[in-house]
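Below: one structure, written as structure tokens.
Values reported hereafter were calculated over all heavy atoms of this structure, with side chains retained and with hydrogens, waters and symmetry mates removed. Sequence lines set the chain letters: A, B, ... in the order given, protein chains first and strands last, and positions in each chain run from 1.
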Amino acid sequence: MSKTTRDVPKYQQLGLTSSEYEAIGRTLGREPEDVELAIYSLMWSEHCGYKHSRSTLKKLPTTKDYVLQGPGENAGVIDIGEGKAIAIKIESHNHPSAVEPFQGAATGVGGIVRDIFAMGARPLASLNSLRFGDPTKPRQKYLFEGVVSGIGSYGNCLGVPTVAGEVYFEDSYEGNCLVNAMTIGILPKSRLITAKAKGIGNLVVLMGSKTGRDGIGGASVLASQEFDETLQEKRPSVQVGDPFTEKLLIEACLELLDKNLLAALGDLGAAGITSSASEMASRGGVGIDIDVSKVPLREPGMSPSEIMISESQERMLAVVEPKMVSEVEAVCNKWGIPATVVGKITETGKMDVYDGKEKVGSMPVISLTDEAPIYDIEPIMPEYIKEVQKMGDVPTFPEDMNATLLKMIGSPNLCSRGWIWRQYDHQVQTNTVVLPGSDSAVLRLKGTKKGLALTVDGNGRYCYLDPFMGTQIAVAEAARNIVATGATPMAVTDCLNFGNPEKSGISWQFRKAIDGMAQACRHFDIPVVSGNVSFYNESFGKAIYPTPTVGMIGLLDDVEKRTTTPFKDAGDLILLIGQMATVDGQSDEEIFSLLGGSEYLKTIHKRIEGLPPELDLDLESRSQDLCLEAIKNGILSSAHDISDGGLVVALLESCLYGDIGAKIELAVEEESFVKIVVELFNEAQSRFIVSLKEKDLGEFGEISKEVGADFMVIGKVGGDRLIINDKIDVSIKEMKKPWEEAIDSLVE
Amino acid sequence: MKAGVVIFPGSNCETDTYDALNYLGFNTEYIWHRDSSLHKVDLVILPGGFSYGDYLRCGAVARFSEIMEEISRFADSGGLVIGICNGFQILLEAGLLPGAMLHNKSLKFICQTVNLRVENNTLPFTNQCGAGEILRIPINHYEGNYFIDDEGLKELEDNSQVVLRYVDENGEATADAAPNGALANIAGLTNKSGNVFGLMPHPERAVEEILGSVDGAKLFLSAKISKEAVS
Amino acid sequence: MPKVKIYVTLRDGILDVQGKMIHRALGSLGYENVDEVKVGKYLQLEFEDDADIDQKIKKMCEQLLTNPVIEDYTYEVE
Amino acid sequence: MPKVKIYVTLRDGILDVQGKMIHRALGSLGYENVDEVKVGKYLQLEFEDDADIDQKIKKMCEQLLTNPVIEDYTYEVE
Ligand SMILES: Nc1ncnc2c1ncn2[C@@H]1O[C@H](COP(=O)(O)OP(=O)(O)O)[C@@H](O)[C@H]1O
Ligand SMILES: [Mg+2]
């Protein structure tokens, strides 16, 4: 042992502070044993204990009449009628993916899928939200390719379609990529089960893969500290995914639930048996005994601590009545899944760990869960905010707008994501009726007329400039994406990716973001039913952009009414829902400031500054109501929200996906070049591009009056070019190649 | 007509196939890989998925399943067998169809809809298609780069065993039209006697308007009609 | 306990896409003096005893471990 | 022209999903006396000359051919 490690007390090596160590001693009334220390260190880690977020998260709205299960379980569950319910959850796997992108992302998918079938739901679809650094750098390319293929390989093998997602490239993620995986599942309401241990004397059954040394302290420790050189040493703890075993585990668990053989079910994620067992006991208000000598091992010579905290993948923990055990074993056997009784439910209120006959640890269950320490770090607005929010001088805009547009549409953040989704099976289960390439994916629900819309959205750059507004926009954009397909937003699952929460500046970002999310969700009346917090996304002391990602699900009563992004028929009118961004009488500086935080400013002028666009929640609701009502009345041929890249990019996307042109006349003062540029590229919120038949314009106007939303007719679908006033004139065919092949040429 | 969809550990298109067949009016049953009988079905379908995780090689382990012996006997006696994607790979590994699959030439998984030209419309799987008709059906695989030696290829072509070929929008079997690099653009083929059919595309994903194409239905319906004509 | 090492490669005449890709990648990293790259599988088996070991290995390889349509193999017993 | 054979295996403690599967499949085919199966990659490189060959191989392996986070390798020059 080297000198340094000998001098550092063991608790500190495990990441506990001296006051935390003392608190453990007080709880136990003695010095903790090795096993106990290992267990506390993980349960009180940020990842399991939510020490820096628990109090803030309470601000989020989480209830509504159809919410069957809010935050606190493996996944949130909502009632969608006709006896069916949907489980939904998102989770980060940022740190494991930064160490080993393929396996990190693959096991991220594996983990979130287990959360879903742990609720009794059959996994129905997955999404992902990704962030990397500059994709022209070899390491970033390697991470990006590895993550995409890891997500694909795991999900494809399981037969769970990956139907949507988002990816952005910003320098701030260079040392710390983000990989957020989201899954939803469907269940008959009667099959809903929770990870709430019950029934004194019931047995605890471990199902799935054998336990090895992989990922000892992996996810929880990795996710609870910043990246630095010592990470190298942690490498061997990489966990490898085995999607084949997971697939069998899904089938076995759902069959066990259909046969009513389980009293509780939970997955094993970070901190393995430790967190699963203690959280199940804690929710049920009972005690639990675990005998590590019963756990089937993959490697010889594992210590009780190692067995308790191993993060071997593809394992589930169930609580079973003794008389059911043989039937449970029979079902597992059919699917080739080992199932072993490793403990029992007790009335002690303690988690007692045995190694055969010998008791090697005994801890009050709630001391591991509810009583984990809480820290409230004083939030202080970071220095950088004032600096970056200032808008610099008005630059000289490039004259050639066609070239500018070409550059934008071929840039990493705006180009087609086809390279990604072609590697994902997005059709298995034959429910995907709006494929990737629209604002949200839409699934039909077999046996009903209904459909589900799914999206995940975040905007790190906006949140960096203004975390409150940026997060509100993330919620609004997700809702807008759901609405653009004709669905009504139902629920949010959120993944909060931030830097080191012990720093007051990060604490400020985090609180502002939650305030923004809470206010927006309350306004739209969309409950947050599950989520995940990922802190310590820093490398060498530098934090990522604060990046809350918003996963959202919406419901269509009639899936036949779904609407997609692409323009359809020549002659259709093109309408802008919402308003033009500029108003008469503004100075050039005022107009220019509307480009704050935009893709245009970043891609063309390499500037990340200003304030993100403003969001007026009432205006947003009215715009959404107009779009949604029009779709429900069946009068829209296409709908697409305006977001990254602004009006012109949204128009071009509808052309590119539809393989058809458009002619647009914008009402702007011809002589003001600043105004034109800003109108084309600003990212003002609460807007959609929709198209419809001329005969339906009257009806559309009626709806707009009813809901009080603005719109204007701006052009017509047709031809093979996008023409905007005399400023833009590009061939759709010629734009298609750079747009479609941008990622290919980046990674090849 | 009674169809059986075989479930191997790791199959994941069995439900899709089952739903598609029922939608098309078949009377469909699942067959478990450890069953020793085919439940008197008229058509056996080996669905897509990742049997045994596709570890080692696709289909390499599944071919030893108990049910495969029955399927061999069934095929030998002229019974209709369709292997879709992983099912095709299993049939190749089992030697019920000639050739083998290699990694896609891009070394990437590919999920997209392709154009397929019907090369032989006299089979029990294609009699509802026109000669040279172009079908639009999704593919979804990592190992669909079909290979067979020169002699084998000649035999396939001579016997009109090639059923489907990847083609471009103009119906030409150009090299670029096979996204996976398949030899001679082969997407689907039969055995010599024309009763065992393997194909990489997923016809069960193209049987309803809402899924974007109904071209896959033609392949299943062909089997149904040819069976009804016999009985 | 005999340890068996089995090397599985693609048969001659079959395009080794992985090999080709790695060759290209090596080239672009500046390793210019590599003429050819072939990629195969490497299997390591531990046997309990060496009774009939050659015969067993051959049978395993032909039955399961390789696909003779596309693959060749060699092995070593240690 | 030196021929280099590189054997890449998973590092100890890293789950070998393929090996596990093959082991099980061999068992069910009646090969009972196999204790362990490990699956790795086998690379064959032909070099134009043997200048600095060891150094080059090591660099290649670390840079491209193996994933040092989860894999180990050995090699032979012929
Ligand atoms: N990582 C990804 N995985 C799967 N699909 C993706 C991914 N990234 C983007 N997509 C898909 O590409 C399309 C465009 O994405 P994006 O521009 O982020 O949409 P929006 O701005 O409407 O949220 C969407 O259909 C989205 O689902
Ligand atoms: Mg959108």
Out of C:Thr9, C:Leu29, C:Val4, which one racks up the most heavy-atom pairs below 4.5 Å with chain D?
C:Leu29
Between atom NZ of C:Lys41 and atom CD1 of D:Ile22, what is the distance when rounded to the nearest 0.5 Å?
7.5 Å
side-chain contact (heavy atoms from CB on, under 4.5 Å) between D:Leu26 and C:Leu45, intermediate numbers included:
CA-CA 11 Å; D:Leu26 285 173; C:Leu45 277 69; 4.0 Å; yes
By side-chain contact (heavy atoms from CB on, under 4.5 Å), C:Glu46 pairs with (sequence neighbours left out) C:Met1, C:Lys3, D:Asp35, D:Glu36
Correct closest heavy-atom pair for C:Glu48 and D:Glu32 would be OE2-O, 4.3 Å
Quick check on the interface: out of D:Asn33, D:Val8, D:Ile6, D:Leu43, who has the most heavy-atom pairs with chain C under 4.5 Å?
D:Asn33
Distance, nearest 0.5 Å, that separates OH of D:Tyr7 from CD of C:Gln44:
11.0 Å
Does anything in residues 49-63 of chain C reach chain D? List residues with heavy atoms under 4.5 Å apart, or say none.
C:Asp49, C:Lys56, C:Lys59, C:Met60, C:Gln63
Quick one: what part of C:Tyr31 sits under 4.5 Å from any heavy atom of chain D, side chain, backbone, both or neither?
side chain
